[in-house]
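Since the model is a prediction, treat every value here as computed from it, not as a measurement.
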Amino acid sequence: MIRATLRMLVRPDREQDFVDAWEKIASVVRQAPGNLRQSLLRTGPREFVITSDWDSPEAFQKFERSPEQDVLTAPLRELRESARMEVSEIVLHVEKEDSEISPERAESAVDRQVEANRRTILEHFRSLERGDVDAAVSAFAPDMVNHRLQPGSPPGRDGLAQTLAVVLRAFPTATWTVESIVADTENVVAKLAVEGEVQDVIMGVRATGQRVTWRHIHWFRILDGTVVEHDAIRDDRGLLRQLGVGTGGTHSGGLGVSLPGSTRTLQPDTSDRDPAFTA
């Protein structure tokens, strides 16, 4: 194992920007093959130390020399005045056994894991608001289970990315507001509102720039910082009504160019019924 240590002097009054930028970058770096852990230390008002542990020198060098690394770390370079890196071999780790950890420290570790899970999902939705599907699924396992898999989509992360791409084409400038979020050491549930003008085709309807609010509830299961399972409930009927489309009859909530399970002709809906949530 090796440890890369990067010492940086940050530009005046940009310290919090630096911390925020590092946190976003670290959430992506942790998915790199061979990365074990990362830490951000502060040794002075503007002095920071970044440590990154890798399982082999080859894994670190492959990441360090990749084009992706250069693009990914660009925000940090803009915020620093100077930087110096050194790479060391980790000879030995000595850690406490679980039975030796105090209840207070164990509780703190749980709190950190819960917060990390919450931030993972918040960053997922922030990435969608930026229109960046690759970043949005970066914390998802390739073989993750998606219970809202669209017909014809491949399983796992690739299928989820295809679904999200369809949504972003329809909502290119929408705001993704997390109205509430609850997390524990393995699960995260978020209530979401997607608001903006609808373009392209969504739910089998060609939109013409109508401004809508589309509400979702999402559940994620996270293991060791990676999302391994996802399910959701979307207010698809409410979205269709805002697009001026009748929603009577069976509707399974697909995002394709037709309404799965329904052969009804789409008609304007002027009713004021509360939208029913559909999967």
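Looking only at side-chain heavy atoms (C-beta outward), Ser56 and Met1 stay at 4.5 Å or farther from each other. Val182 places none of its side-chain heavy atoms less than 4.5 Å from the side chain of Val188. Put simply, the side chain of Leu168 reaches to within 4.5 Å of the side chain of Leu128, judged on heavy atoms. Counting heavy atoms from C-beta outward, Trp214 and Val167 have side chains that approach closer than 4.5 Å. No side-chain heavy atom of Leu6 sits under 4.5 Å from any side-chain heavy atom of Arg84. A 4.5 Å side-chain heavy-atom check between His218 and Asp231 finds every atom pair outside the cut-off. With contacts defined as side-chain heavy-atom distances shorter than 4.5 Å, the pair Val212/Leu239 qualifies. Contact annotation: the side chain of Val49 approaches that of Thr5 to within less than 4.5 Å [non-hydrogen atoms, C-beta and beyond].
A continuous path of ILVMFWY side-chain contacts below 4.5 Å connects Met85 to Phe48, so both sit in one hydrophobic cluster. Cluster membership check: Val28 does not share its hydrophobic cluster with Leu36, using side-chain heavy-atom separations under 4.5 Å among Ile, Leu, Val, Met, Phe, Trp and Tyr. Using a 4.5 Å cut-off between side-chain heavy atoms of Ile, Leu, Val, Met, Phe, Trp and Tyr, with links allowed through other members, Val10 and Leu72 fall into the same hydrophobic cluster.
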Salt bridge (charged side-chain N to carboxylate O under 4.0 Å, His left out) evaluation trace for Arg126 with Glu123
CA-CA 5 Å; Arg126 291 188 187 114; Glu123 182 57 29; 3.8 Å; yes
Verify side chain to side chain contact (heavy atoms under 4.5 Å, CB included) between Asn117 and Phe220, making sure each step is shown before the conclusion.
CA-CA 9 Å; Asn117 289 348; Phe220 304 87; over 6 Å; no
Determine, step by step, whether Ile222 and Ile121 satisfy the side chain to side chain contact (heavy atoms under 4.5 Å, CB included) criterion, reporting the C-alpha distance in whole Å, the side-chain angles of both residues, the deciding distance to 0.1 Å, and the verdict.
CA-CA 10 Å; Ile222 303 177; Ile121 300 309; 4.1 Å; yes
Quick one: do Glu64 and Lys62 satisfy salt bridge (charged side-chain N to carboxylate O under 4.0 Å, His left out)? Show the steps, please.
CA-CA 6 Å; Glu64 186 70 9; Lys62 182 177 180 180; over 6 Å; no
Verdict with reasoning, Leu223 to Arg221, per side chain to side chain contact (heavy atoms under 4.5 Å, CB included):
CA-CA 7 Å; Leu223 296 178; Arg221 187 163 69 93; 3.6 Å; yes
Given salt bridge (charged side-chain N to carboxylate O under 4.0 Å, His left out), test Arg215 with Glu179 step by step and report yes or no.
CA-CA 10 Å; Arg215 299 189 182 280; Glu179 297 180 331; 2.6 Å; yes
Give the C-alpha distance, both sets of side-chain angles, the deciding distance and a yes or no for salt bridge (charged side-chain N to carboxylate O under 4.0 Å, His left out) between Arg46 and Glu81.
CA-CA 10 Å; Arg46 295 194 291 130; Glu81 288 187 353; 3.4 Å; yes
Could you walk me through whether Asp53 and Ile90 satisfy the side chain to side chain contact (heavy atoms under 4.5 Å, CB included) test, starting with their C-alpha distance in whole Å, then the side-chain angles of each, then the deciding distance to 0.1 Å, before giving a yes or no?
CA-CA 9 Å; Asp53 293 354; Ile90 298 176; 3.7 Å; yes
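For Glu129 (side chain) and Phe125 (main-chain N/O), no donor-acceptor pair under 3.5 Å exists by modelled atom type. A donor-acceptor contact shorter than 3.5 Å links the side chain of Thr163 to the backbone of Gly159. Checked by atom type and distance alone, the side chain of Arg11 pairs as donor or acceptor with a backbone atom of Glu78 at under 3.5 Å. Arg42 places a side-chain N or O within donor-acceptor distance of the main-chain N or O of Pro45, the cut-off being under 3.5 Å. Between the side chain of Arg77 and the backbone N or O of Asp70 there is at least one donor-acceptor pair closer than 3.5 Å. A donor-acceptor contact shorter than 3.5 Å is absent between the side chain of Glu229 and the backbone of Val145.
Phe63 and Trp54 have their aromatic ring centers within a separation under 6.0 angstrom. In this structure, the ring of Phe140 has its center less than 6.0 angstrom from the ring center of His124. For Phe171 and Trp176, the ring centers are positioned 6.0 Å apart or more.
Annotation for Ala21 and Leu76: closest pair CB-CD2, 3.9 Å, computed over non-hydrogen atoms. Taking each heavy atom of Ala59 and Pro33 in turn, the nearest pair found is CB-O, 3.7 Å. The nearest pair of heavy atoms linking Ala190 to Val178 is CB-CG1, 4.3 Å. When all heavy atoms of Asp200 and Arg169 are compared, the pair lying nearest together is CB-O, 3.9 Å. Across all non-hydrogen atoms, the minimal contact from Leu41 to Thr51 is CD1-CG2, 4.5 Å. Considering every non-hydrogen atom in both Met8 and Ala83, the closest pair reads CG-CB, 4.0 Å.
Checking Ser52 against Arg30 by side-chain atom types alone, no donor-acceptor pair falls below 3.5 Å.
Here the straight-line distance linking atom CG of Leu160 with atom CZ of Arg148 works out to 12.5 Å at 0.5 Å rounding. Note that CG of Leu122 and OG of Ser27 are 11.5 Å apart. Values are rounded to the nearest 0.5 Å. For the atom pair CG (Leu243) and CD (Gln210), the distance works out to 5.0 Å, reported to the nearest 0.5 Å. If you take OG1 on Thr43 and CZ on Arg7, they are separated by 7.0 Å, rounding to the nearest 0.5 Å. Atoms CD and CG, on Glu68 and Asp134 in that order, are 10.5 Å from each other to the nearest 0.5 Å. Note that the CD atom of Gln69 and the CD1 atom of Ile25 stand 9.0 Å from one another [nearest 0.5 Å].
Salt-bridge check for Arg112 with Glu115: failed, with every basic side-chain N at 4.0 Å or more from each acidic carboxylate O. A salt bridge links Glu23 with Arg119: at least one charged nitrogen is closer than 4.0 Å to a carboxylate oxygen.
Note: Trp219 and His147 have tilted aromatic rings, judged against thresholds of 30 and 60 degrees for the angle between ring planes.
His216 pairs in a side-chain contact (heavy atoms from CB on, under 4.5 Å) with only one of the listed residues (Val194, Asp235, Ile233, Asp236), which is Val194.
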